[in-house]
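Worksheet: one structure, shown below.
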Amino acid sequence: MSRPFRHLLDIESLTRGEILTILGLAQKMWEVSERSVKKVPTLRGKTIVGLFLEASTRTRSSFELAGKRLSADVINISGSGSSTSKGETLLDTVKNLDAMSPDVIVLRHSSSGAPHFIASRVRCAVVNAGDGTHEHPTQALLDCATMMKHKGSLEGKTVAIVGDVAHSRVARSNIHALTKLGANVRVAGPRTLMPVDIGAMGATVFERVEPAITDADVVMVLRLQSERQEAGLIPNTREYSRYFGVNSRNIELAKPDAIVMHPGPINRGVELEPELADGSRSVILEQVTYGVAVRMAVLYLVAGGTLDEG
Ligand code: NCD
């Protein structure tokens, strides 16, 4: 059975089959990015608007390149350069953009639920590029693509997600995706940075990093999100690093072939030791490469393709 893939708002509402279909398509898109001419005519005549109302380097450039490699016309608008800085509401901004008949709006916003809110009020497709502390679906998809490249099927694999889980939309989307793909998900971080409902999402909670990464196939390190934190959640970054930092000593507890991931941007020396970030276990830049492929797949699907359900 197939259904039109209207929006991509979260991973939670996708089935395992849908996730695998996107990842399969991303693999084909990855091959396009490996060619010397990195462009196919698939989305010629389509318009994509990136509305990035929160800081972004990787996600924004990745969506832009993805759209351009599919021959779509892409424009990007940032918070400081938009009329939201003059007091216009998100809904007004988005309705005005929708009046110009784009095919897709890609939205990054600091409020959880912002993409869901606008999706029911515009004619175009909406893709969530990160909403507050809620979800970051394309990040989880590119993370899964990277893990599958190194580990094959994720069924039965152990993935340890370490750090500031409470403020991480990356962690939430990954927990949904990984549990649907059959992985065992562990999360570790200080109690003040661990959401109360995390166990209900299917992850096993650890209060210390060492048992969480022991025998793990994948260690995914999260950025300490200082911009989203109230004061006093951690004593200081030095202490955080000492107890929850991933480094060349504690990584030895993981499987010998374990890979190290980070969504970026990295606080070097805080959550992740620089030698490990740049070392042979690190797949951090491969994540970035897969980001373009996954976003090409998603843009293709929301701009008119269909999605086979498994
Ligand atoms: C993440 C984000 O913005 O949620 N970054 C990204 O998109 N690669 C993670 C982060 O900011 O820590």
Side-chain angles (χ1 to χ4, degrees), residues 8-12 26 50-67 76 78-80 106-116 127-147 159 161-178 187-190 193-195 198 218-229 233-234 237 240-241 244-246 259-272 274 277 282-296 298-299:
L8 178 65
L9 301 177
D10 52 42
I11 297 288
E12 189 175 9
L51 183 56
F52 283 83
L53 300 179
E54 213 187 30
S56 177
T57 303
R58 271 153 292 269
T59 307
R60 177 178 162 155
S61 47
S62 180
F63 268 109
E64 182 168 349
L65 281 177
N76 267 324
S78 62
S80 56
V106 178
L107 177 68
R108 168 165 286 196
H109 199 277
S110 57
S111 296
S112 300
H116 299 69
V127 175
N128 181 1
D131 63 325
T133 58
H134 175 231
E135 279 221 36
H136 191 349
T138 56
Q139 180 71 40
L141 291 166
L142 74 88
D143 288 338
C144 289
T146 310
M147 286 182 249
V159 181
I161 303 179
V162 180
D164 183 358
V165 180
H167 299 99
S168 180
R169 52 196 178 203
V170 175
R172 297 182 79 81
S173 285
N174 264 296
I175 294 170
H176 286 305
L178 288 165
V187 290
L193 296 179
M194 196 58 72
I198 205 79
V218 177
V219 178
M220 184 184 293
V221 187
L222 301 173
R223 182 174 66 89
L224 190 60
Q225 308 230 340
S226 342
E227 79 278 18
R228 293 190 215 282
Q229 280 181 25
L233 288 181
I234 55 159
T237 52
Y240 178 84
S241 173
F244 290 98
V246 177
I259 55 172
V260 173
M261 304 177 74
H262 192 298
I266 305 171
N267 290 311
R268 284 180 175 259
V270 178
E271 69 264 1
L272 183 59
S282 171
V283 296
I284 294 170
L285 293 178
E286 279 179 59
Q287 292 173 258
V288 178
T289 304
Y290 267 110
V292 179
V294 157
R295 288 166 182 134
M296 286 170 80
V298 168
L299 290 174

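All ligand and atom numbering here is 1-based and tracks the order in the structure.
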Checklist entry - Can you tell me how far CG of Asp164 sits from CG of Leu233, rounded to the nearest 0.5 angstrom? => result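 Reported to 0.5 Å precision, the distance equals 8.0 Å.
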Next on the checklist: If I take atom OG1 from residue Thr59 and atom CD from residue Glu64, how far apart are they, to the nearest 0.5 angstrom?
Outcome noted: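 Result: 13.0 Å between the selected atoms.
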Item to check | More than 12 heavy atoms from other groups under 6.0 Å of CD on Glu286 | outcome: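 Counting neighbours around CD of Glu286, more than 12 heavy atoms of other residues, nucleotides or ligands fall under 6.0 Å, so yes.
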Checklist entry - Would Arg108 count as a cation-pi partner of Phe52, with NZ or CZ less than 6.0 Å from the six-membered ring centre and within 45° of the ring normal? => result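 No, Arg108 does not lie over the aromatic ring of Phe52.
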Item to check | Residue list, ring-ring contact (aromatic ring centres under 6.0 Å, His included) with His116, at least two apart or on another chain | outcome: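 With neighbours one apart ignored, the set is His134.
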Checklist entry - Protein residues near ligand 1, heavy-atom distance below 4.0 Å? => result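 Contacting ligand 1 under 4.0 Å are Arg58, Thr59, Arg108, His136, Gln139, Arg169, Val170, Arg223, Gln225, Pro263, Gly264, Pro265.
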Checklist entry - Taking all non-hydrogen atoms of both residues, which atom of Val170 and which atom of His136 are closest, and how far apart? => result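 That would be CG2-CD2, 4.0 Å.
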